[in-house]
Protein chains: 2
Amino acid sequence: MAFPPFAVTVDLVVLTVRGDDLCALLVRRGEEPFLGRDALPGGFVRPDEDLAAAATRELAEETGLDVGHLEQLASYGAPDRDPRQRVVTVAHLALVPDQPAPTAGTDAADARWVPVAQARELAFDHDRVLADGVERARAKLEYTALATAFCGPEFTVAQLRRVYEVVWGRALDPRNFHRKVTGTPGLLDPTGETTTRDGGRPAQLYRRGPAEQLHPPLLRADT
Amino acid sequence: MAFPPFAVTVDLVVLTVRGDDLCALLVRRGEEPFLGRDALPGGFVRPDEDLAAAATRELAEETGLDVGHLEQLASYGAPDRDPRQRVVTVAHLALVPDQPAPTAGTDAADARWVPVAQARELAFDHDRVLADGVERARAKLEYTALATAFCGPEFTVAQLRRVYEVVWGRALDPRNFHRKVTGTPGLLDPTGETTTRDGGRPAQLYRRGPAEQLHPPLLRADT
DNA sequence: CCAAAAGTGTTGATGATACACCCATGT
DNA sequence: ACATGGGTGTATCATCAACACTTTTGG
């Protein structure tokens with residue numbers, strides 16, 4: 001059977017919360033096309049490899065990161081998106097805890113975190129892919145327990161709230177947020193430990209619980 | 001540059017509401033592999049064609065249907081999903097109004113509607129793809145105006161409610177549903193016309209309005 | 001008149017927001 | 001003592017489920 005040959009790649013929108021910014025992992029391209037421009041990390045899918053496996057492998061290669069969460073985002077296959085040949089890319093979204101710096105991996109020694117608000121003029125159609133990934137992350141925080149993927153294995157309610165505030169760019173009431181998340185059964189698993197902090201009352205430490213969905217959802221509407 | 005060659009296809013989960021069932025469009029395979037089994041309609045992406053364009057073209061070829069809504073669903077690319085060669089398929093979800101029957105198209109003269117509850121043992125990994133499409137449709141009815149895509153250009157509130165009841169498999173209160181949808185600004189656009197009906201008070205006819213999102217959402221939870 | 005389906009009003013429960021207030025720690 | 005941030009109580013407001021009720025047609 002004759003069929004048109006395509007190259008298939010995976011690209012990764014890797015997001016984290018650093019300080020006051022939602023950041024994406026970008027690599028500087030070392031070859032044409034788009035030489036010198038920033039791009040999302042990614043690479044070819046191997047002949048015997050599933051799409052999810054390819055995404056996991058690329059993420060491990062580009063960064064030594066703990067992966068909080070990895071899911072398929074969408075596929076992009078405009079005929080002219082790569083000037084060399086016909087390429088369809090299956091983009092994936094990864095949410096990871098804040099790491100000191102992405103450890104230099106094999107593919108991309110110069111991978112670095114860039115606030116998504118400043119990530120512009122990326123190679124290929126990666127502006128669009130990044131925007132879709134950010135929008136997906138914002139939407140999913142509303143009704144899933146995904147925000148915990150941005151935190152380390154143990155975290156306080158205030159750290160979790162910080163994630164929501166940074167991703168949504170909106171202040172939340174600490175009191176109501178606390179009641180909401182501690183009142184959702186299965187969301188948070190108290191460790192019994194507390195943190196020593198710089199100048200306030202110590203906070204309870206939690207691990208993420210078994211709940212995946214948030215019911216009822218947290219809303220980001222202005223109202 | 002060397003890269004592993006892949007075939008890329010689009011597959012379509014085409015859903016409609018017929019009577020008391022949510023139905024999917026299936027075609028009987030006329031060749032190996034999976035000869036004689038049911039499958040989702042689909043085909044190869046052409047060399048100069050976008051993914052969305054390929055989905056639109058296939059949908060037009062397989063059916064002469066009015067397309068209420070078409071969106072990308074997900075991609076599937078397990079190495080062994082097609083025994084002949086490495087194929088990655090980009091599945092799309094289409095919601096269409098109830099049509100008397102899919103008109104025999106070029107590719108699939110025997111395309112037909114099958115209730116999703118009875119669609120089993122499909123070719124390739126299409127059981128999984130269909131299940132993902134149905135779940136996506138169910139979820140999106142909650143917070144978008146997508147249900148109108150299942151209706152014709154003009155419809156009554158009761159017809160729209162019927163869509164929700166069939167897709168969710170759950171009875172809704174007619175009074176509360178009516179208030180909810182007519183009270184959401186931009187969702188429904190009254191035509192001023194009414195229907196003549198079999199034995200009750202005539203209903204107002206509506207067209208779908210400009211609103212895409214439902215705020216607040218309609219919930220399908222049991223509570 | 002009666003049946004059937006459209007559409008309205010009202011009520012009690014539930015959840016969200018806003019904010020006053022108390023608790024535990026470092027300096 | 002007091003600043004800082006963690007955590008609780010409570011009033012007000014919006015929304016929802018439930019259901020009695022009225023309206024408009026066909027037989």
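What you are looking at is a predicted structure, and each value in this text was computed from that prediction instead of being measured. Labels below follow one simple rule: chain letters A, B, ... track the order of the sequence lines, proteins then strands, and each chain is numbered from 1.
Across the protein-nucleic acid pair, Gln204(B) atom CD and dA5(C) atom P stand 18 Å apart, rounded to whole Å. Rounded to whole angstrom, the span from the CZ atom of Phe177(B) across to the P atom of dA5(C) amounts to 17 Å. As rounded to whole Å, 16 Å separates atom P of dT12(D) from atom CG of Asn176(A). dG5(D) atom C1' lies 17 Å from atom CG of Leu160(A), rounded to whole Å. In this structure, Tyr164(A) atom OH and dA16(C) atom P are separated by 13 Å, rounded to whole Å. Note: CG (Asp173(B)) to P (dT8(C)) measures 14 Å, nearest angstrom. One interatomic measurement links the two molecules: CZ of Arg175(B) to P of dA18(D), which rounds to 10 Å at whole-angstrom precision. Atom P of nucleotide dA16(C) and atom CZ of Arg170(A) are separated by 13 Å, given to the nearest angstrom.
How far CG of Leu15(A) is from CZ of Arg138(A): 9.5 Å, rounded to the nearest 0.5 Å.
A donor-acceptor contact under 3.5 angstrom links the side-chain atoms of Arg179(B) to the base of dG9(C). For Arg201(B) against dA6(C), a side-chain-to-base donor-acceptor contact under 3.5 Å is present.
Of the options Asp132(B), Thr89(B), Asp11(B), a side chain to side chain donor-acceptor pair (under 3.5 Å) to Tyr76(B) is made by Asp132(B) and by none of the others.
Comparing Lys180(A) and Thr194(A) by the nucleotide of DNA chain C that holds the closest heavy atom to each, the one mapping nearer the 5' end is Lys180(A).
The stretch residues 181-192 of chain B does not touch DNA chain C, since none of its heavy atoms comes less than 4.0 Å from the strand.
Ring planes of Phe124(B) and His126(B): tilted class, angle from 30 to 60°.
Under a 4.0 Å N-O distance rule, the pair Arg162(B)/Asp98(B) does not qualify as a salt bridge.
Of the candidates dA6(C), dG6(D), dG7(D), the closest approach to any side-chain atom of Val157(A) belongs to dG7(D).
His178(B) has no side-chain polar atom (N or O) that falls below the 4.0 Å cut-off from OP1 or OP2 of dA6(C).
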Can I get a per-line list of side-chain donor-acceptor pairs under 3.5 Å for residues 181-193 of chain B, giving both atom names and the distance, sequence neighbours left out?
| residue | atom | partner | partner atom | Å |
| --- | --- | --- | --- | --- |
| Thr182(B) | OG1 | His178(B) | O | 2.6 |
| Thr182(B) | OG1 | Arg179(B) | O | 3.4 |
| Thr184(B) | OG1 | Lys180(B) | O | 2.9 |
| Thr191(B) | OG1 | Glu193(B) | N | 3.1 |
| Thr191(B) | OG1 | Leu205(B) | O | 3.1 |

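Sequence neighbours left out, the pairs with a member in residues 118-127 of chain A that pass salt bridge (charged side-chain N to carboxylate O under 4.0 Å, His left out) are Arg81(A)-Asp125(A).
The aromatic ring centres of Phe155(B) and Tyr206(B) sit 6.0 Å or more apart.
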